[in-house]
Amino acid sequence: MISENPRVRFAPSPTGYLHVGGLRTALYNYLFAKKNNGAFILRIEDTDRTRLVEGAVENLITTLKWAGLDYDEGPGKDGGLGPYVQSERLTIYKKYTDELVQQKKAYYCFCTSDRLKQLREDQQKTGLQSKYDKHCLHLTENEISEKLKNNEPFVIRLNVQPDELIHIDDIIRGEVTFNSNVVDDQILLKSDGYPTYHLANVVDDHLMKITHVIRGEEWLSSTPKHILLYQYFGWEIPKFAHLPLLLNPDKSKLSKRQGDVAVEDYRAKGYLKEALVNFVALLGWSAGDDREFYYLDELCRSFALERVNKAGAVFNIEKLQSMNFAHLQKKSDEELLILLKEELASSDFKSHSLSDEKLLLVIQAMKERINFVKEIILNAGYFFTIPQSYDQDAVKKRWTLESPQLLQKFIEAIQKTDNPLKEDYENALHKVAEEVAVKNAAIIHPLRLAVSGVSGGPGLFDIFFILGKEETIKRINIALEKIKT
RNA sequence: GGCGCGUUCGUCUAGUGGCUUAGGACGCCGCCCUCUCAAGGCGGAGACCACCGGUUCGAAUCCGGUACGCGCUACCA
């Protein structure tokens, strides 16, 4: 347990959509906050104007909300330490860089990108680490004001001192040490007046009283820059926790090229938020026992940063799918009804005439045969409309010369029944089979084909009951005309 | 190239010096159930714990080195 109420943040860039890796980072932050009675803050890091995407912030917020990760402070939810969008905080960053420049902990740099590029190439050729050479550090006050007067573009760089050891005490990785000689004089303020991630991140984390920085491992290498900034400003350094990366099957950092990475893609495919959250929570964390099925509130209670793994985790779709199945099975029929009606509304069967009562029966029949609600429509469209075709392999295998007369007899048998139940269909069939002295299967298989067009699915008598007597007879008759051997 | 991080079944993981002939889950295979497809039940294959060396009575677990993988190395985050 953390003694003081911690404050954590999820700080995405609005570049279009919420990445599943981002979802996990957000989730771990959220879980940590909830577990320790802390605050979960959303901050938008939109300092790269070249990568801005229209509507991305709204999309991010909607998706986060869909997943159930509501933030305590953030855009539209002022906690007194806003604004929570970095592009609205430019004067703040300016103020703090000025302070650093005054104390000579940062300096103006007028180098052109051409010179920088050349420098990098030269260093690479000689096998050196590519690093800024402090060329502009020695500019005099006069030279600087002269250049500023001439409107020469400039950036502000961090003035890193050599030969210092910088220690990071990471909750997940333990102590990590860097020598300041490998830390570049990072640009803090870009020539367009916007801060870089490094500056904005540190300033905001401090101003927003962030106690724990929980973020992806890709940030570990730049953490020394951040530590230096905290030290230069004289600020307390937050605790760090660098999360293992989410990986493609080839172990590279999870990327778009190798599959879906946007949370909205998974949502659109029909994954339940419960399954996605559960799955992603287990990618890099476990409670230490064999339990794998969790709801969000249960995760909140069990989560511990100390138990997060160090190694990256391959994002395995098959496991996610089985997770979806598991969560689907736990849903009540009524919950599934809502989801099914949503899917139906945007399907070919939107003008179906089934009552909620019938839909509930369809759900009961199909539930354990699907990984996604939409598969009810995809795999069992016959509940909503007469089969448009008959599976030819099944016809070949199940439709025999005697099938027509058997089905005919079955029609006659059920014709006599009144409001038949599942058992009545079954009894009728058994009786026919007995009369003609064939196995039940000899009638069942062609019947299933006639009524559904396919060879698999729920119990035949369940299908009959859901369709009703009239519809069942009608379909058999149509099949008798259409199916030729 | 430099710096950093990592390495247990195909994949996600349990394991924090003896409980381990390394446990679970997904996937795969087989059997049972069965009108089909699933689900479910039972069983199976699958990890010389990356490698080498050290510490120890004893190591997947501690230490060192090597290899491999990944990340960072931008006026991107």
Side-chain angles (χ1 to χ4, degrees), chain A residues 11-15 45-48 50-51 109 111 113 116-117 120 123-131 153-157 168 170 172-173 176-179 181-184 186-198 200-201 215-224 242 244-245 247 249-253 279 282-293 309-323 325-326 329 366-371 379-380 394 397-398 426 429 439-445 447-449 452 454-461:
Chain A
S13 291
T15 53
E45 310 222 326
D46 58 346
T47 56
D48 184 356
T50 64
R51 291 211 302 172
C109 171
C111 288
S113 46
L116 260 22
K117 197 176 158 204
R120 250 194 306 272
Q123 287 170 331
Q124 242 144 42
K125 229 175 282 169
T126 43
L128 286 167
Q129 171 201 9
S130 68
K131 215 176 115 180
F154 68 92
V155 300
I156 305 285
R157 310 188 87 113
I168 302 167
D170 192 279
I172 295 168
R173 282 152 220 285
V176 182
T177 305
F178 289 84
N179 189 308
N181 294 341
V182 306
V183 180
D184 199 4
Q186 181 63 47
I187 291 176
L188 302 175
L189 203 65
K190 298 183 268 190
S191 57
D192 64 0
Y194 281 75
T196 56
Y197 170 89
H198 310 282
N201 197 261
R215 74 217 318 186
E217 192 191 349
E218 69 266 31
W219 293 109
L220 187 57
S221 303
S222 37
T223 304
H242 286 96
L245 259 21
L247 273 24
D250 72 357
K251 306 266 186 185
S252 57
K253 189 169 148 184
F279 171 67
L282 260 21
L283 249 29
W285 171 85
S286 85
D289 51 26
D290 289 336
R291 180 170 178 189
E292 294 203 328
F293 188 93
N309 289 148
K310 297 174 171 66
V314 172
F315 191 91
N316 184 303
I317 303 277
E318 282 173 340
K319 181 109 184 190
L320 170 58
Q321 215 169 88
S322 81
M323 203 100 235
F325 175 82
Q329 302 314 308
M366 289 301 293
K367 194 172 177 177
E368 63 196 17
R369 284 162 236 274
I370 52 167
N371 286 316
N379 301 344
K397 189 171 175 200
R398 304 293 194 186
E426 195 162 0
L429 185 131
K439 283 185 182 169
N440 294 334
I443 316 176
I444 285 174
H445 291 300
L447 264 180
R448 171 184 294 285
L449 191 55
S452 74
V454 293
S455 62
L460 220 216
F461 307 112

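The basis for the numbers below is simple: all heavy atoms, side chains too, and nothing from hydrogens, waters or symmetry mates. Numbered from 1 within each chain, the chains take letters A, B, ... in sequence-line order.
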Derivation of the side-chain contact (heavy atoms from CB on, under 4.5 Å) call for A:Lys397 and A:His445 = CA-CA 9 Å; A:Lys397 189 171 175 200; A:His445 291 300; over 6 Å; no
For atom [atom1] of [X] and atom [atom2] of [N], their distance in whole Å:
X        : N     : atom1 : atom2 : answer
A:Asn371 : B:A39 : CG    : C1'   : 11 Å
A:Asp184 : B:G2  : CG    : C1'   : 12 Å
A:Ile187 : B:C75 : CD1   : C1'   : 4 Å
A:Asn181 : B:U73 : CG    : P     : 19 Å
A:Met323 : B:U11 : CE    : C1'   : 14 Å
A:Asn201 : B:C72 : CG    : P     : 16 Å
A:Arg448 : B:U36 : CZ    : C1'   : 5 Å
A:Leu449 : B:U36 : CG    : C1'   : 11 Å

Among [options], which is the nearest nucleotide to the side chain of [X]?
X        : options             : answer
A:Arg398 : B:G1, B:U36, B:C75  : B:U36
A:Lys319 : B:G71, B:C76, B:C26 : B:C26
A:Ala313 : B:U13, B:A77, B:G24 : B:U13
A:Gln129 : B:A77, B:A39, B:G1  : B:G1
A:Leu283 : B:C35, B:C12, B:U36 : B:C12

Sugar-phosphate, base or nothing in reach of [X], heavy atoms under 4.0 Å:
X        : result
A:Gly216 : nothing
A:Val314 : sugar-phosphate
A:Arg120 : sugar-phosphate
A:Ser455 : base
A:Phe178 : sugar-phosphate
A:Phe325 : sugar-phosphate
A:Pro458 : base
A:Asp48  : sugar-phosphate

Partner nucleotide of [N] by Watson-Crick or wobble geometry (both distances under 3.5 Å):
N     : result
B:G53 : B:C63
B:C68 : B:G6
B:C33 : none
B:A14 : none
B:G46 : none
B:A39 : none
B:C76 : none

Nearest-Å distance once atom [atom1] is located in both [N] and [M]:
N     : M     : atom1 : answer
B:C37 : B:G30 : P     : 13 Å
B:C19 : B:U61 : C1'   : 14 Å
B:G17 : B:C62 : C1'   : 8 Å
B:G2  : B:C48 : P     : 31 Å
B:C12 : B:A50 : P     : 14 Å
B:U8  : B:G15 : P     : 14 Å
B:U13 : B:C75 : P     : 34 Å
B:A67 : B:U21 : P     : 33 Å

message = Please check this pair: side chain of A:Lys190 against backbone of A:Thr47, looking for a donor-acceptor N/O pair closer than 3.5 Å.
response = yes
task = Report yes or no: does A:Asp170 contribute a side-chain atom to a donor-acceptor pair with the main-chain N or O of A:His242 at less than 3.5 Å?
result = yes
remark   = In short, A:Gln129 meets A:Asn181 closest at the heavy-atom pair OE1-O, 3.6 Å
Quick one: which protein N/O atoms are closer than 3.5 Å to N/O atoms of nucleotides 15-18 of chain B? Pair and distance per line, please.
from  : atom 1 : to       : atom 2 : distance (Å)
B:G15 : OP1    : A:Arg307 : NH1    : 3.1
B:G15 : OP1    : A:Arg307 : NH2    : 3.1
B:G15 : OP2    : A:Arg307 : NH2    : 3.4

request  = Test side-chain contact (heavy atoms from CB on, under 4.5 Å) on A:Arg215 and A:Thr223 and set out the steps.
outcome  = CA-CA 11 Å; A:Arg215 74 217 318 186; A:Thr223 304; 3.3 Å; yes
message = Pair A:Leu220, A:Arg173 - check side-chain contact (heavy atoms from CB on, under 4.5 Å), show working.
response = CA-CA 10 Å; A:Leu220 187 57; A:Arg173 282 152 220 285; 3.9 Å; yes
Under the 3.5 Å rule, do the base of [N] and the side chain of [X] count as making a donor-acceptor pair?
X        : N     : value
A:Glu292 : B:G24 : yes
A:Ser322 : B:C26 : no
A:Lys367 : B:A39 : no

Looking at [X], I'd like to know whether one of its side-chain N or O atoms comes within less than 4.0 Å of OP1 or OP2 on [N].
X        : N     : result
A:Thr47  : B:A77 : yes
A:Lys190 : B:C76 : yes
A:Lys253 : B:C72 : yes

message = Apply side-chain contact (heavy atoms from CB on, under 4.5 Å) to residues A:Asn201 and A:Trp219 and explain how you reach the verdict.
response = CA-CA 12 Å; A:Asn201 197 261; A:Trp219 293 109; over 6 Å; no
query = Does A:Ala287 have any side chain to side chain contact (heavy atoms under 4.5 Å, CB included) partners at least two apart in sequence or in another chain, and if so, which?
reply = A:Trp285, A:Asp289, A:Tyr294
Under 3.5 Å, N/O pairs linking protein and nucleotides 5-10 of chain B:
from : atom 1 : to       : atom 2 : distance (Å)
B:C5 : O2'    : A:Arg173 : NH1    : 2.7
B:C5 : O2'    : A:Glu217 : OE2    : 2.9

